[in-house]
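These numbers were taken from a predicted model, which means no experiment stands behind them. Residue numbers count from 1 along this sequence.
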Amino acid sequence: MKKIFYAIPLMAMTLAACNPSDIDGGSEWASVSADQIQVTATPAQVDGKNGNVIHVVSASPVVTAWDAPQLVESTTHTVTTEGDIYVTKVGTNVITVSATNTGGAPVTKEVTVQVDTISYITPTINERLCIGKTGAPTYFGQGFSKSKIVLEQTIDELTGKPGNSITIKSNTNPALCTFKWGSSAMTTNIGKIVTYSLDVEQELTVEYIDAAGKTGTISLGTFKAEAYSDLPAGIKMLTGYDPETAPTATKTWTLVDENNWGNGGNNDKKPSWWTTTVMDQGGSNGTITFDFANSTLTKVIFDESNSAGDKSGSGAFSLDFSTTDDSKSILFTLKTTEPGNIIYPVMINQGDYHPTIYDVTLLTEKDLVLRAQHTNDATWEGCFWVFRVVEDE
């Protein structure tokens, strides 16, 4: 029977550091060599097997540190003359011992330990395995089988179409799993993976690593999402639409009064180099209204006699949530069609070019910033439009 220790405090793993002032090694330890360091590392026995909790002892009068590499977590660094450390891999583990002599120069040696079973599961691994939840494994060990995975794609209740989420209902493989569906990923053994790319066939794969460090990637099939059964929060904030509470809702935005058009870095959230207003550039303010249920963007220009030639009109729009990228300040992407483009869709420093693809870089219930990338990437420049919501009267 496997013995699992979930929340072992392992006080020895906090391991009080050894105070160098307590060591009286004498002058012979002023210049210590690796072969002088006397240390042991002994795995705790669990049902007659070597567990992954290691009792370490240093018999030398020097400050001793133990660096234990972990399977998926960072190497642990523990300073102690005697205590418990752990590793997270079955098989041969090499622990690096560092000793500091009285002269302060460090010296290292390696100690090898053999681990047969994972008796202590770290919080990180426990969380990823979902131990304790229905359909999850009960231990961290070796082996993987595709047949142990049970999954189900969500069906959108409103349309009856395949939804944009897949639930891993059961996965008893005692290995760490990463599920990938298109650009979406899930790093727990059971749970829901959501994609925001519609009408595209996307392969669902699982990458695994077991307790012995064995890895692999397996295809679980190809799935296409045709409806938003799991609605991105950005849809409601931008358009007001909610399939249950507001299935016919629309939402209207207008440019802020000041500094509503400008430029900045192509990874910025807001214009940071230079700003003005579209009115100062010969355009007119107006409104844009998103109707998500009908995929229509309607633009109303207050003064259609504006010298920039911006006119009212409607056109289709779409939202792409697969482009989310925090490093580039992209929440998602808005794609428009003429004449239902945004107000004054003119790029700074790019002539009369009208973009139809915009990064949503900032979005709250009342604030919206759009950014269009310059077609010449070498400029590192983006053009920005700053909106506010039109409050209901």
Would you check, one step at a time, whether the test side-chain contact (heavy atoms from CB on, under 4.5 Å) holds for V57 with H55?
-> CA-CA 7 Å; V57 177; H55 188 69; 3.7 Å; yes
So K192 and I166, side-chain contact (heavy atoms from CB on, under 4.5 Å) or not? Walk me through it.
-> CA-CA 6 Å; K192 180 189 290 185; I166 293 175; over 6 Å; no
Given salt bridge (charged side-chain N to carboxylate O under 4.0 Å, His left out), test E391 with K366 step by step and report yes or no.
-> CA-CA 9 Å; E391 302 285 0; K366 296 186 177 181; 3.7 Å; yes
Let me see the working for T276 and Q281 under side-chain contact (heavy atoms from CB on, under 4.5 Å), right down to the final yes or no.
-> CA-CA 8 Å; T276 183; Q281 301 301 308; 3.5 Å; yes
Evaluation steps, side-chain contact (heavy atoms from CB on, under 4.5 Å), between K335 and D320 = CA-CA 8 Å; K335 299 178 181 179; D320 185 355; 4.0 Å; yes
Dump the intermediate steps for side-chain hydrogen bond (donor to acceptor under 3.5 Å, both in side chains) on N294 and D291, then the final yes or no.
-> CA-CA 6 Å; N294 295 299; D291 182 346; 2.9 Å; yes
List the steps, then state whether side-chain hydrogen bond (donor to acceptor under 3.5 Å, both in side chains) holds for D303 with S284.
-> CA-CA 6 Å; D303 181 6; S284 169; 5.3 Å; no
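Side-chain contact, Q202 with T195: a donor N or O sits under 3.5 Å from an acceptor N or O. Defined by atom type and a distance below 3.5 Å, a donor-acceptor pair is present between the side-chain atoms of S165 and T154. For the residue pair Y358 and N341, a side-chain donor N or O sits within less than 3.5 Å of a side-chain acceptor on the partner. Defined by atom type and a distance below 3.5 Å, a donor-acceptor pair is missing between the side-chain atoms of T222 and E201. Using modelled atom types, one finds a donor on one side chain and an acceptor on the other under 3.5 Å when comparing N263 with E381. For the residue pair S219 and E203, a side-chain donor N or O sits within less than 3.5 Å of a side-chain acceptor on the partner. Side-chain contact of D359 with T361: a donor-acceptor pair under 3.5 Å is absent, judged by distance alone.
Contact of the I54 side chain with the T42 side chain is not registered, since no non-hydrogen atoms from C-beta on lie closer than 4.5 Å. Contact check for K146 versus I218: side-chain heavy atoms found under the 4.5 Å cut-off. Side-chain contact between N171 and F179: present, with at least one pair of heavy atoms (C-beta onward) separated by less than 4.5 Å. Between K224 and P162 the shortest side-chain heavy-atom distance does not fall below 4.5 Å. For the pair V56 and V39, the minimum side-chain heavy-atom distance is 4.5 Å or more. Proximity of F332 to L238: side-chain heavy atoms (C-beta onward) are separated by under 4.5 Å at one or more points. At a threshold of 4.5 Å between non-hydrogen side-chain atoms, the residues T178 and R128 count as touching. No side-chain heavy atom of F384 sits under 4.5 Å from any side-chain heavy atom of N260.
Minimum interatomic distance between Y241 and I235 (heavy atoms only, all atoms of both residues): CD2-CG2, 4.1 Å. What you find for G143 and A175 is that their closest heavy atoms are O-CB, 4.1 Å. G240 approaches A249 most closely through the heavy-atom pair O-CB, 3.3 Å. Of all heavy-atom pairs spanning K49 and T117, the tightest one is CB-CG2, 4.1 Å.
Taken together through direct or relayed side-chain contacts under 4.5 Å among Ile, Leu, Val, Met, Phe, Trp and Tyr, F290 and Y228 form part of one hydrophobic cluster. Connection of M347 to M279 is established within a shared hydrophobic cluster, with ILVMFWY side chains joined at heavy-atom distances below 4.5 Å, either directly or through further cluster members.
Exactly one residue among V194, N164, T159 makes a side chain to side chain contact (heavy atoms under 4.5 Å, CB included) with S229. That residue is N164. The side chain to side chain contact (heavy atoms under 4.5 Å, CB included) test with L71 is passed by exactly one of I209, I125, T122: I209.
For N50 (side chain) and D116 (main-chain N/O), no donor-acceptor pair under 3.5 Å exists by modelled atom type. N126 places no side-chain N or O within donor-acceptor distance of the main-chain N or O of P123, the cut-off being under 3.5 Å. A side-chain donor-acceptor contact under 3.5 Å links R371 to the backbone of N266. Side-chain atoms of W261 do not come within 3.5 Å of backbone N or O of C383 as any donor-acceptor pair. Proximity of a side-chain donor or acceptor of Q70 to a complementary backbone N or O of A68 within less than 3.5 Å is detected. T277 contributes no side-chain N or O that, together with a main-chain N or O of N259, makes up a donor-acceptor pair within less than 3.5 Å. Between the side chain of K251 and the main chain of E365, a donor-acceptor pair closer than 3.5 Å is present. In this structure a side-chain-to-backbone donor-acceptor pair under 3.5 Å is present from N52 to S119. Checking side-chain atoms of S60 against main-chain N and O of Q38 turns up a donor-acceptor pair under 3.5 Å. With N173 contributing its side chain and S145 its backbone, the two residues share a donor-acceptor pair below 3.5 Å.
To the nearest 0.5 Å, the span separating OH on Y86 from OG1 on T78 amounts to 8.0 Å. Atom OG1 of residue T76 and atom CD of residue E73 lie 9.0 Å apart, to the nearest 0.5 angstrom. Interatomic distance, K299 NZ to E338 CD, rounded to the nearest 0.5 Å: 6.0 Å. For the atom pair I330 CD1 and F321 CZ, the distance stands at 13.0 Å (nearest 0.5 Å). Once rounded to the nearest 0.5 Å, the distance linking CD1 of I85 with OH of Y120 reads 12.5 Å. Taken to the nearest 0.5 Å, the CZ atom of F140 stands 8.0 Å off from the CD1 atom of I121.
Between Y344 and W385, the distance separating the two ring centers is not shorter than 6.0 angstrom.
Enclosure of atom NZ in K180 is not indicated, since only 12 or fewer non-hydrogen atoms of other residues, nucleotides or ligands lie within 6.0 angstrom. No more than 12 heavy-atom neighbours from other residues, nucleotides or ligands sit within 6.0 angstrom of CG on D326.
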